[in-house]
Amino acid sequence: MEYVSRVPRPPLDGLIDDLYYLEGAPPYARLMLPPMPSALLIVNLGAPFRIRAGTDIAMAEYADGCVVSMPTRALEFAYPPRTRSVGAHVKPWGLAPFLPMPAAELCDRPVTVEQVWGRPAVAELRDRLDTAAGPHEMLTLFEDELMRRLRETAGLGLVRHTSSVIAATSGAVAIGDLGVAAGVSSTHLVQRFKELIGVTPKRLARTHRFTATVFAIDPSGPINWGDLAGGAGYFDQAHFGHEFRAFTGLTPTRYVEVRRRFLREHPGHVLDGWSLPAD
């Protein structure tokens with residue numbers, strides 16, 4: 001697959017980790033993405049793809065693309081034989097300035113880009129992207145569109161600062177102290193988080209801790225699960241296993257087996273690192 005990415009210019013870099021262009025055959029027809037402290041904005045330029053937000057929900061088709069606020073459970077993506085898209089990996093609070101609705105309304109409910117920006121605007125954007133000279137011009141066009149749509153958002157500074165404190169500790173922070181440090185009530189902080197991120201500060205902290213723990217796993221070598229769980233601040237190995245299943249639907253050992261399969265079958269693939277084969 002071809003993958004081109006870059007960090008956007010200010011002030012978008014305070015909202016978005018990177019803009020990317022992706023084209024080619026996916027490594028697997030279905031990929032599972034565990035929750036992480038990040039949102040997604042994808043403008044699709046190829047055949048439709050499908051997303052399942054939880055095993056109890058039917059897959060839905062997305063032709064023009066999708067908007068995914070920070071998830072609380074794994075997402076399953078089903079790709080066509082070839083996929084082509086332009087997208088953004090967005091910081092947890094970063095979608096809020098581009099949404100006409102509270103982020104909580106999108107929690108674990110991916111929507112099409114048309115539902116957020118309207119069909120005429122998205123059709124025009126897709127046409128401009130599709131006829132661009134190449135990936136770098138496409139990313140510039142996409143960045144310009146995001147700059148044009150950027151709006152002031154009440155409470156964004158509070159949520160951004162508090163989220164950064166949570167991230168800096170990999171989720172190991174006393175949640176009750178966050179409001180005090182910010183000079184607001186815990187109720188106000190929770191309301192702002194749900195409005196701008198879609199989840200509570202506690203949930204964001206859980207996701208940061210889980211993500212940091214997973215990235216600490218080296219699937220190519222032996223793993224001491226007890227040490228890993230203790231180092232991440234879990235009560236015990238049982239608590240760690242429960243969190244792992246809640247976030248991925250897999251046991252820790254099964255997760256490593258699937259990660260090793262990806263590494264074995266597609267070494268060095270651009271999508272390796274977080275996504276997992278779901279078939």
Side-chain angles (χ1 to χ4, degrees), residues 4-23 33 38-53 57 59-71 75 77-80 83-156 159-160 192-199:
V4 179
S5 73
R6 63 175 172 82
V7 176
R9 66 183 186 269
L12 291 178
D13 60 344
L15 304 168
I16 294 169
D17 288 319
D18 73 293
L19 307 174
Y20 70 87
Y21 169 79
L22 179 69
E23 180 178 11
L33 276 69
S38 177
L40 276 174
L41 171 57
I42 301 173
V43 180
N44 187 41
L45 303 173
F49 55 81
R50 294 179 296 155
I51 301 176
R52 188 199 312 274
I57 298 175
M59 274 199 158
E61 186 172 273
Y62 296 80
D64 66 290
C66 67
V67 179
V68 182
S69 66
M70 203 196 92
L75 299 174
F77 278 72
Y79 288 99
T83 188
R84 184 169 181 254
S85 62
V86 171
H89 294 115
V90 186
K91 298 178 188 296
W93 60 85
L95 276 182
F98 307 103
L99 296 177
M101 73 283 283
E105 293 185 13
L106 307 185
C107 186
D108 295 325
R109 294 177 56 223
V111 296
T112 66
V113 185
E114 289 182 356
Q115 288 174 278
V116 175
W117 287 348
R119 179 170 296 181
V122 174
E124 193 267 341
L125 173 61
R126 292 177 72 204
D127 183 64
R128 284 191 290 124
L129 291 171
D130 199 38
T131 56
H136 294 286
E137 182 177 326
M138 296 168 79
L139 294 183
T140 297
L141 288 171
F142 189 40
E143 182 179 53
D144 290 343
E145 179 70 15
L146 292 168
M147 284 292 294
R148 187 179 69 80
R149 290 184 173 276
L150 188 61
R151 63 178 177 82
E152 291 290 328
T153 304
L156 187 63
V159 171
R160 177 178 174 175
R192 283 303 193 191
F193 262 68
K194 294 184 73 172
E195 179 184 353
L196 302 186
I197 296 180
V199 300

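Just so it is clear, the structure is predicted and the values come from calculations on it, not from any experiment.
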Compare all side-chain heavy atoms of Y20 with those of S85 and state whether any distance is below 4.5 angstrom. yes
Beyond-backbone contact of Y21 with L129, side-chain heavy atoms, under 4.5 angstrom: no
Do any pairs count as a side chain to side chain donor-acceptor pair (under 3.5 Å) and have a residue in residues 86-98, sequence neighbours left out, and if so which ones?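 Residue pairs with at least one partner in residues 86-98: D17-K91, D18-H89.
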For P97, what residues pass the side chain to side chain contact (heavy atoms under 4.5 Å, CB included) criterion, not counting sequence neighbours? L15, L150, T153, L156
R128 CZ: over 12 foreign heavy atoms closer than 6.0 Å: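 It does: R128 CZ has more than 12 such atoms within range.
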Neighbour count >12 (heavy atoms, 6.0 Å) for atom CZ, R50: no
Does the distance from a Lys or Arg side-chain N to an Asp or Glu carboxylate O, for D64 and R119, drop under 4.0 Å?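 No salt bridge links D64 with R119.
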May I have the step-by-step check of side chain to side chain donor-acceptor pair (under 3.5 Å) for R6 and T140, ending in yes or no? CA-CA 10 Å; R6 63 175 172 82; T140 297; 3.3 Å; yes
I need the minimum non-hydrogen distance between [X] and [Y], along with the two atoms involved.
| X | Y | answer |
| --- | --- | --- |
| P135 | V4 | CB-CG2, 4.0 Å |
| V111 | V116 | CG2-CG2, 3.7 Å |
| M70 | A39 | N-CB, 4.1 Å |

Mind telling me whether F49 and Y62 have parallel, tilted or perpendicular rings, with 30° and 60° as the class edges?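 Parallel: the ring planes of Y62 and F49 meet at under 30°.
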Sequence neighbours excluded, which residues qualify as salt bridge (charged side-chain N to carboxylate O under 4.0 Å, His left out) partners of R9?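 R9 satisfies salt bridge (charged side-chain N to carboxylate O under 4.0 Å, His left out) with E143, D144 once adjacent residues are dropped.
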